[in-house]
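Everything on this sheet refers to the single structure shown next.
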Amino acid sequence: MSKMACDKILVVLTGGTICSSVNTDGVRYSDARNVEIISVFYQNHPEYCEKIEFDSVTPLDILSENMTIDSWNVLLDFFRTDVNWNSYQGVIILHGTDTLAYTSSLLSLVLAGVGIPVCMVSAQLPLSFAETNGHDNFRAAVELIMNGIAPNVYAVYRNSDGAMYAHYGANLLQCGNYSQDFFSSNAMKIDTSCPAKATGQAFETQGMLLERMSDLTPCVLQIMPHVGLRYDFVCLDEVRAIVHGTYHSQSVCVERKNGEGEYSALSVLYLLDRCKKLEIPVFLAPCSPQSYCYESTGDALRHGARSIDGMTSEMAYVKTLVGCALGLEGAKLQEFLNSSVNHECRYGE
């Protein structure tokens, strides 16, 4: 087979552990110019040398914990202006694990309708470590693309028990503390004893939100509940919307009983009062609009809190960011946040 007949895969390096090097003190630092993963793939799988050609590009070179809204905009602008999607069988994005769930959610939203699979690939250790899963994750992503996995955004990752999964990026959860494993709803377990294959669920939408939205701005405040959270400490300058997490029962602290009595700055009602004056919507996520099982949540909803249901907290946050970048406000923003964008494998379905 001639080189011109090769399938092409775009490899986008953004940094993170999978792109890191280690200095003499053992400290890992981002080195996204390092494309060792491609050469090692060819060495270990020579059967693909005449079948696949890789293009590599480095729009970002950061450890993923240093991801910012500005860095996301650099990545989105690259996809908006520099990629000829028709030239590739698929795209592989090398990304660190710490913010993988957030970037996967964002790209699942703004790239819906792209027409080819996009695979996020990470590693729990640098590629120079014998115990790294990075090479196996990369190989699985390549094989999934070559074997025709449906157009969508996936995170391809081998957990510590040896099981390899293709996660829908829209449903990926952050690793838990002291864990290097990723989980999601509707994850597809991949057999790594043969070329990886999975059907996947294709995008149904036409046209990418990426082409219609302006740059993201840091205008959404995400608040995670914890015992002792004081809402008088929260700065609301330049905030356009708040995404407030809930406890596992979809509950929040209102501090009072039966919807009556006084409350202090420890109550979400205090935050809602502040936000009403400033016309800042406060969204509880995850939270069903019918979440009146606990009097606390019902009190918050009656007090003006709005709900985001059926998605991870990571997706709720980035979807609110994107909604603001689309210029949505009020009822239109609420409708956008609670509608399927044809790519989400929504919880409870």
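No hydrogens, no waters, no symmetry mates; every other heavy atom, side chains included, goes into these values. Bear in mind that the values here come from a model prediction, so they are computed numbers and not experimental data. Note that the numbering runs from 1 along the sequence shown for the chain.
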Does atom [atom1] of [X] have more than 12 heavy-atom neighbours, drawn from other residues, nucleotides or ligands, at distances under 6.0 Å?
X      : atom1 : result
Lys332 : NZ    : no
Glu262 : CD    : no
Glu47  : CD    : yes
Glu295 : CD    : yes

Hey, are [Y] and [X] close enough side-chain-wise for a donor-acceptor pair under 3.5 Å?
X      : Y      : result
Asn137 : Asn133 : yes
Ser20  : Thr17  : no
Glu65  : Thr99  : no
His244 : Tyr231 : yes
Asn171 : Ser185 : yes

Using side chain to side chain contact (heavy atoms under 4.5 Å, CB included), reason through Ile92 and Val142 one step at a time and then give a plain yes or no.
CA-CA 8 Å; Ile92 295 176; Val142 170; 3.6 Å; yes
Measure the [atom1]-[atom2] distance between [X] and [Y] for me, rounded to the nearest 0.5 Å.
X      : Y      : atom1 : atom2 : result
Glu314 : Gln222 : CD    : CD    : 7.5 Å
Glu143 : Cys119 : CD    : SG    : 11.5 Å
Tyr29  : Ser21  : OH    : OG    : 4.0 Å
Asn159 : Asp181 : CG    : CG    : 3.5 Å
Asp55  : Ser87  : CG    : OG    : 8.5 Å
Met188 : His167 : CE    : NE2   : 9.5 Å

Do NZ/NE/NH1/NH2 and the carboxylate oxygens of Lys51 and Asp7 come within less than 4.0 Å?
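Salt bridge flag = no for Asp7 with Lys51.
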Consider only side-chain heavy atoms of I, L, V, M, F, W and Y, link residues closer than 4.5 Å, and tell whether [X] and [Y] are in one cluster.
X      : Y      : answer
Ile69  : Leu60  : yes
Leu127 : Leu63  : no
Phe78  : Leu100 : yes
Phe138 : Tyr165 : no
Met208 : Leu321 : yes

His95: which residues meet the ring pair (Phe, Tyr, Trp, His ring centres under 6.0 Å) condition with it, sequence neighbours left out?
none
So, do [X] and [Y] sit near enough that their side-chain heavy atoms are less than 4.5 Å apart?
X      : Y      : result
Leu13  : Asp61  : no
Ile62  : Met67  : yes
Gln174 : Thr97  : no
Leu107 : Phe79  : yes
Ile280 : Ile242 : yes
Val243 : Leu221 : no
Val322 : Leu216 : yes
Leu269 : Arg256 : yes

For the side chain of [X] and the backbone of [Y], is there at least one donor-acceptor N/O pair under 3.5 Å apart?
X      : Y      : value
Ser267 : Val254 : yes
Ser64  : Asp98  : yes
Thr14  : Leu94  : yes
Thr320 : Ala316 : yes
Arg80  : Leu210 : yes

Is the ring pair Trp72/Tyr317 parallel, tilted or perpendicular, if the boundaries are 30 and 60 degrees?
tilted
Classify the angle between the aromatic ring planes of His303 and Tyr263 as parallel (below 30°), tilted (30 to 60°) or perpendicular (above 60°).
perpendicular
Assess Arg139 against Tyr48: is NZ or CZ under 6.0 Å from the centre of the six-membered ring, and within 45 degrees of the ring's axis?
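No, Arg139 does not sit over the ring of Tyr48.
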Is NZ or CZ of Lys319 both nearer than 6.0 Å to the six-membered ring centre of Phe336 and within 45° of the ring axis?
yes
Under 6.0 Å between ring centres: does that hold for Tyr157 and Phe182?
yes
Worked verdict on Thr68 versus Ser71 for side-chain hydrogen bond (donor to acceptor under 3.5 Å, both in side chains):
CA-CA 5 Å; Thr68 63; Ser71 296; 3.2 Å; yes
Stepwise side chain to side chain contact (heavy atoms under 4.5 Å, CB included) test for Cys287 and Thr297
CA-CA 9 Å; Cys287 180; Thr297 309; 3.9 Å; yes
Which is it for Leu266 and Arg230 under the side chain to side chain contact (heavy atoms under 4.5 Å, CB included) test, yes or no, and what are the steps along the way?
CA-CA 5 Å; Leu266 296 172; Arg230 286 185 53 171; 3.5 Å; yes
Looking at [X] and [Y], what are the two nearest heavy atoms and their distance?
X      : Y      : value
Leu284 : Ala300 : CD1-CB, 4.3 Å
Ser184 : Ala187 : OG-CB, 3.5 Å
Gln334 : Ser307 : NE2-O, 3.0 Å
Asn84  : Tyr88  : O-CD1, 3.4 Å
Asn338 : Asp309 : OD1-N, 3.1 Å
Gly134 : Ala123 : CA-CB, 3.6 Å

Considering residues at least two apart in sequence or located in another chain, which fulfil the side-chain hydrogen bond (donor to acceptor under 3.5 Å, both in side chains) criterion with Arg274?
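Scan of Arg274 (side-chain hydrogen bond (donor to acceptor under 3.5 Å, both in side chains), adjacent residues dropped) gives none.
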